[in-house]
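Taking it in order: structure first as structure tokens, then the write-up.
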Amino acid sequence: MNYTEKINVLIEALPYVNRFRKHIIVIKYGGNAMINADLRHSVMQDILMMKSVGMIPIVVHGGGPFISQMLDNLSIESHFVDGLRSTSEEAMKVAEMVLSGSVNNDIVRTFNHLGGNAIGLSGLDDHLITVTKKKVIDPDSETQVDLGYVGNVESVNTLLLTNLIQADYVPIISSVGIGSDGHSYNINADEVASAVAIALGASKLIFLTNTPGLLADSQDPDSLISKLSIYEANQLIENKVITEGMIPKINCCLEAITNGVDKVHIIDGRMSHSLLLELFFDMGIGTMLAHSNDDNKEV
């Protein structure tokens with residue numbers, strides 16, 4: 001790339017930098033971008049760049065594969081109901097150790113090593129995330145199932161996050177919450193990211209995933225749906241274009257948009273620097289959801 005091309009890249013990014021300076025952007029960090037060391041480094045560079053140009057990034061992460069691996073290592077049985085991990089007290093201790101310990105520490109360490117200023121949190125810190133007990137209907141038996149220590153987000157302590165932001169920290173939040181019983185609960189990280197974005201009035205919520213975005217045909221990566229309104233998303237669910245594991249993620253997107261988040265993006269975390277490509281350039285990548293088609297025409 002010659003000097004002119006480099007300058008053109010900066011000029012193209014400038015309107016987006018100006019548009020989102022001092023705006024809160026919540027990033028749900030997961031998938032291959034968390035597992036692969038090179039991608040993890042790339043994501044942290046992107047978040048540091050966002051912070052450096054005046055954006056306010058907040059990171060929420062899960063860590064399902066790491067939990068599963070540790071449970072296997074300890075010979076603790078793990079099973080799922082309708083895509084949710086049933087979590088015994090023993091399994092919850094492992095999940096908390098993995099999510100709020102090794103995984104969170106590794107993300108914070110990587111970000112700070114690059115020159116950032118991050119602080120690791122779990123939902124237990126100053127009651128950052130309070131939860132109620134989640135119960136689901138088993139689709140096979142059609143009976144209610146107690147998932148153990150699995151929670152629904154009830155509230156987010158925005159004062160804690162606001163204080164950390166004002167102190168110039170990037171909060172890195174693990175998806176563990178606290179119940180009224182004082183016990184730790186495992187929470188779906190997508191739900192935590194959506195709840196944090198809503199509570200803080202974020203301009204954007206970005207999901208890093210292992211897919212190019214939302215596909216019209218799950219077998220065809222070229223069938224990417226680049227823009228989607230609430231109405232269109234609900235139609236795709238009704239017509240079974242959106243199915244299985246993508247439904248809960250889209251529901252989190254719709255919940256965020258319905259409750260004040262301007263835009264939600266589902267992007268491919270397997271692509272190096274996918275956050276910057278989505279945020280700073282006209283072409284964008286992945287799928288953007290907004291309240292209506294008119295909203296989707298905006299930056």
Side-chain angles (χ1 to χ4, degrees), residues 15-16 19-20 23-31 55 57-58 60 62 82-84 134 136-137 139 152-156 175 187-269 271 274-275 277-299:
Y16 298 92
R19 168 70 176 83
F20 295 111
H23 285 237
I24 294 172
I25 298 175
V26 176
I27 299 138
K28 190 274 175 160
Y29 178 43
M55 298 179 184
I58 296 175
V60 174
D82 200 22
L84 295 169
K134 182 187 285 288
V136 299
I137 302 297
N152 287 315
V153 178
E154 181 177 41
S155 68
V156 176
S175 52
I187 323 168
N188 179 286
D190 289 353
E191 295 178 17
V192 176
S194 179
V196 168
I198 292 167
L200 290 174
S203 292
K204 287 183 180 288
L205 168 60
I206 303 175
F207 292 92
L208 289 169
T209 68
N210 285 343
T211 67
L214 182 61
L215 303 177
D217 179 351
S218 61
Q219 304 302 313
D220 181 6
D222 293 328
S223 66
L224 177 68
I225 301 171
S226 60
K227 296 178 181 179
L228 203 59
S229 68
I230 290 178
Y231 173 78
E232 290 166 338
N234 283 320
Q235 287 295 108
L236 291 177
I237 293 173
E238 185 176 330
N239 295 332
K240 302 189 184 303
V241 174
I242 300 174
T243 59
E244 299 177 349
M246 187 57 79
I247 292 178
K249 189 176 296 292
I250 294 297
N251 283 337
C252 286
C253 296
L254 298 179
E255 180 75 10
I257 295 166
T258 302
N259 288 281
V261 177
D262 291 339
K263 304 284 192 304
V264 180
H265 305 256
I266 300 172
I267 66 173
D268 196 340
M271 181 185 298
S274 55
L275 276 171
L277 289 170
E278 178 63 26
L279 283 169
F280 290 159
F281 298 100
D282 296 338
M283 56 175 261
I285 59 172
T287 300
M288 181 173 74
L289 293 93
H291 202 276
S292 68
N293 280 323
D294 288 340
D295 293 334
N296 270 329
K297 293 176 184 176
E298 300 173 1
V299 172

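Note that the structure is predicted; figures quoted are calculated from it, not measured.
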### Task
Mind running side-chain contact (heavy atoms from CB on, under 4.5 Å) on V156 and I198 for me, showing each step along the way?
CA-CA 9 Å; V156 176; I198 292 167; over 6 Å; no
#### Entry: Nearest non-hydrogen partners of G213 and L224, listed with the distance
CA-CD1, 3.7 Å
### Task
Looking only at non-hydrogen atoms, find the nearest pair between D262 and S203 and report the distance.
CB-O, 3.2 Å
### Message
With rounding to the nearest 0.5 angstrom, report the CD1 to CD distance, I266 to E278.
### Response
10.5 Å
### Message
Hydrogens and angles aside, do H265 and K204 bring a side-chain donor and acceptor to less than 3.5 Å of each other?
### Response
yes
### Task
Could you tell me the separation between the OG1 atom of T258 and the CD1 atom of I230, rounded to the nearest 0.5 Å?
4.0 Å
### Task
Could you tell me whether the side chain of T209 reaches within less than 4.5 Å of the side chain of K249, counting heavy atoms only?
yes
### Task
Report yes if the side chains of P248 and D190 come closer than 4.5 Å at any heavy-atom pair, otherwise no.
no
### Summary
Between Y16 and F280, the two heavy atoms sitting closest are CD1-O, 3.3 Å
### Side chain proximity check, L208 to I267, heavy atoms < 4.5 angstrom
yes
### Task
Identify the two heavy atoms, one from G62 and one from S175, that lie closest to each other, and give their separation to 0.1 Å.
CA-OG, 3.7 Å
### Query
Which distance, rounded to the nearest 0.5 Å, do you find between the CD1 of I285 and the CE of M271?
4.5 Å
## Note on the structure
Scanning both residues in full, the closest heavy-atom pair of S194 with C252 reads OG-O, 3.1 Å
### Task
Would you name the heavy atoms of A290 and K263 that are closest together and state the gap between them?
CB-CD, 3.7 Å
### CG-OH distance between L275 and Y29, expressed to the nearest 0.5 angstrom
10.0 Å
#### Entry: Spatial distance of atom CD1 (I187) from atom CD (E154) [nearest 0.5 Å]
11.0 Å
### Task
Check each of E255, K134, K28 against E191 using the side chain to side chain contact (heavy atoms under 4.5 Å, CB included) test, and report the only one that passes.
K134
### Query
Hey, is OH on Y231 packed in by over 12 heavy atoms from elsewhere, all under 6.0 Å?
no
### Sidechain-backbone polar pair: S223 side chain, L215 backbone, donor-acceptor under 3.5 Å
no
## Note on the structure
For A233, the side chain to side chain contact (heavy atoms under 4.5 Å, CB included) test, sequence neighbours excluded, returns L228, I250, L254, L289
### Passing option when V196 is tested against I24, V26, V153 for side chain to side chain contact (heavy atoms under 4.5 Å, CB included)
V26
